[in-house]
Amino acid sequence: MKNFRFGADYYPDHWEQKTPEETEKRVRTDAELMQKAGLKVVRLAEFSWYKMEPEEGKYDFSWLEKAIEILAEYGIVSVLGTPTAAPPAWLVRKHPEVLPKGPDGIVRNFGGRHHDCQSNPVYREYAKRIVTQMALKFKDNPKVAGWQIDNEFGNSHWDLCMCDSCRASFQKWLKKRYGNVERLNRAWGTHFWSQGYNDFSEVFPPVKTPCGANPSQVLDWKRFHSDLICDFSLDQTRIIREICPKSQFITHNCMGFSDIVSYYDLSEQLDFVSHDLYPGGYWRGRDLTPSEIASELDGIRGVNGSNFWIMEQQCSVTGWENMGRAPKPGQIPLWAVDSVAHGADTVVFFRWRSCTAGTEQYWHGILPHSGIPGRAYDEIQKLTADMTPVMERMESALPEAKVAIVRSYEQGWAFQAQPNVPGLDYYGQLIKYHKAFYDRDIPVDFIGEDADLSAYDLVIAPLQYLSDEGLAEKYDAYVKAGGNLVLTMRSGVKDRDNICDDSRSLPGVFANLLGISITEYDPLGRARVPISFSTDCGKVSDFHSAPVEILAEKWADVVTCDTAEAVAGYSGEWYAGQPAITVNMRGLGTAWYVGTEPDENALNELISVIVEKTHILGKNSVKITHSVGVEVTSRVKNGVKWWFVLNHTGDVQQISVPESLKKEAGSIEDGKLKPYGYAVFSGPSDIEK
Ligand code: GLA
Ligand code: ZN
């Protein structure tokens, strides 16, 4: 992975002046300002198809070549985006069939972006052609460091498209998966509501129906759709790999926990993954909380367990039709350092200068519309000067996590098809568990269901709804060998086809491992039930001794302990006194079951119990003490640990740092960290308190 520390997303084509000379002059001004700000890389052209091919087969890369050349004079390298997220009007006019169709059968038109059908063979040909031309043009350009494929797969596209071409591709995909239509009928349970098929050609995507949808069909559609995007991308990565030298990398800008395409699968064709991070994204109506930012970053690192780029890092006010709040002084650098703290080795700011036209007029850049440097520019200039040297030293260092949370696209998709109760959100639950560790300064990795678990002391696998014997055996082996595993409500409910398991009681394939059975449950929805923790992990009668009221949310499994012991039980409802949370000692390890979604208090209590019981902190290293709102995290390489202390509050914060640590970056005086300030320290990775 090549790194350039800091950069910006740059659109020289948005600042065409009256003459080519004047345009070049503006690029030069930008390049000079970038250089002074310590920026060393730009991403260009990911929406510039029309500019590069204004008419079919008529290519013009001169403006791009010129910009790359001028930027290079100022020590700035370029990453080129392939422009397939914005096909030009001439293409759409000639081939309107490339426009995507929604589940409602309505075509989505030209005028925004991502108005393309990724299965359409005509569109695929045009996409391959423009990418081939770009690759041929820039393969020998030493100033082109690499490529970004398309832009944010899944963004603006969601479940599109369900056109005839996609229907035919889906049928082909199903045929490959099931071989014959009887197998498909079984896997989808088409005996229900007379849905049997005689032939694959009768099958539809999950289009809008008068009522309801088949959950197995929806799940397969999501699998298909993810595969389709990977395949669409593969057309492009193949071309670039074939034409361009290995030294030019290929990446894609992912979107955190977005699940339209499996990033695990997509990353197989990439050299590394990138992420787009907007902690103050206006569409949420609020900033991300610090732990949400951390979970998003840990999530992206988890795609392949390695360092990543931020390809778009917020650097000012965000907005389309409306705008979000302005980042506070210090917050832009803080958010960028936060990315680094969780494993980013290069941070590219979106965007260099606010555009005067189009949908994103109010998505502000480092420079405002006027192009006159202001606060964002100054803050970024200081940041790059401060952080670049230490980022060079810590390149490829990673957080050292002993706790992992399993993130599975398939489980998320199954819950999208059937949330089970309103408000149950697969990703929300992952993030909730992540926060419980974040609040304790315990680093967490997100891992896939296929990942090797042996490196972790504790694995949390929420909502293992779709299951099979293989998964149960894998978890069982991990626990028997000394691992600590937490499974939660709605686990072992279904097979991989999204059909309910009728061969045993819940939690299905996980019953032996967990030492429990569940014969009753109460889908709580918005109701809540108090729960109490047992003082000695076992006696149901002790359940009423909890000091604060803590609650079971969304779901209540009424658990019967077979070999397990109760950890917490319900203290309300008709199942008062019955276990809600259990632990089973198995082999050298422990298997925990959480039969509900604990509210934040309950989760805190539970994680305290687990952390204590499993000693996951081990002989923890240096302790930096701090107050709430300050984040402490670290990255490790070759026996050196870099500590990040991030003040996410608007107040001065007092922290206490052991003398053995050396300050590397940031500003801290007498242990005082400024509002939204950061500090980086280093020390040997194995020193003890
Ligand atoms: C995304 C896209 C960018 C831009 C920004 C702001 O992250 O990748 O092209 O649209 O959002 O909206
Ligand atoms: Zn389509």
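As the structure lists them, so they are numbered: ligands from 1, and atoms in each ligand from 1. When a residue number appears, it is its place in the shown sequence, counting from 1.
- No salt bridge links E292 with R284; every basic N to acidic carboxylate O contact stays at or beyond 4.0 Å.
- Not less than 6.0 angstrom separates the ring centroid of F308 from the ring centroid of H275.
- Using cut-offs of 30° and 60° for the angle between ring planes, the F232 and Y123 rings count as parallel.
- No cation-pi contact links R167 to F170, judged by a cut-off of 6.0 Å to the six-membered ring centre and 45° from its axis.
- Side-chain contact, W320 with E360: a donor N or O sits under 3.5 Å from an acceptor N or O.
- Neighbouring protein atoms of the Zn ion (ligand 2) (N, O or S, distance under 2.8 Å, waters ignored): C117 SG, C161 SG, C163 SG, C166 SG.
- When ring centroids are compared, Y178 and W173 stay outside the 6.0 Å threshold.
- Under the 3.5 Å distance criterion, with hydrogens and angles disregarded, a donor-acceptor pair is assigned to the side chains of Y126 and H95.
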Nitrogen or oxygen contacts under 3.5 Å, ligand 1 side and protein side:
residue	atom	partner	partner atom	Å
ligand 1	7 (O)	E152	OE1	3.3
ligand 1	7 (O)	E152	OE2	2.5
ligand 1	7 (O)	E312	OE1	2.5
ligand 1	8 (O)	N151	ND2	2.8
ligand 1	8 (O)	E152	OE1	3.2
ligand 1	8 (O)	E152	OE2	3.3
ligand 1	8 (O)	E312	OE1	3.1
ligand 1	8 (O)	E312	OE2	2.6
ligand 1	9 (O)	R113	NH1	3.1
ligand 1	10 (O)	R113	NH1	3.0
ligand 1	10 (O)	R113	NH2	2.9
ligand 1	10 (O)	E360	OE1	3.2
ligand 1	10 (O)	E360	OE2	2.3
ligand 1	12 (O)	W320	NE1	3.1
ligand 1	12 (O)	E360	OE2	2.7

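- Aromatic ring pairs are classed by plane angle as parallel below 30°, tilted from 30° to 60° and perpendicular above 60°; the pair Y11 and H14 is parallel.
- Figure legend: cation-pi geometry between R351 and F349 absent, as NZ or CZ is not positioned both under 6.0 Å from the six-membered ring centre and within 45° of its axis.
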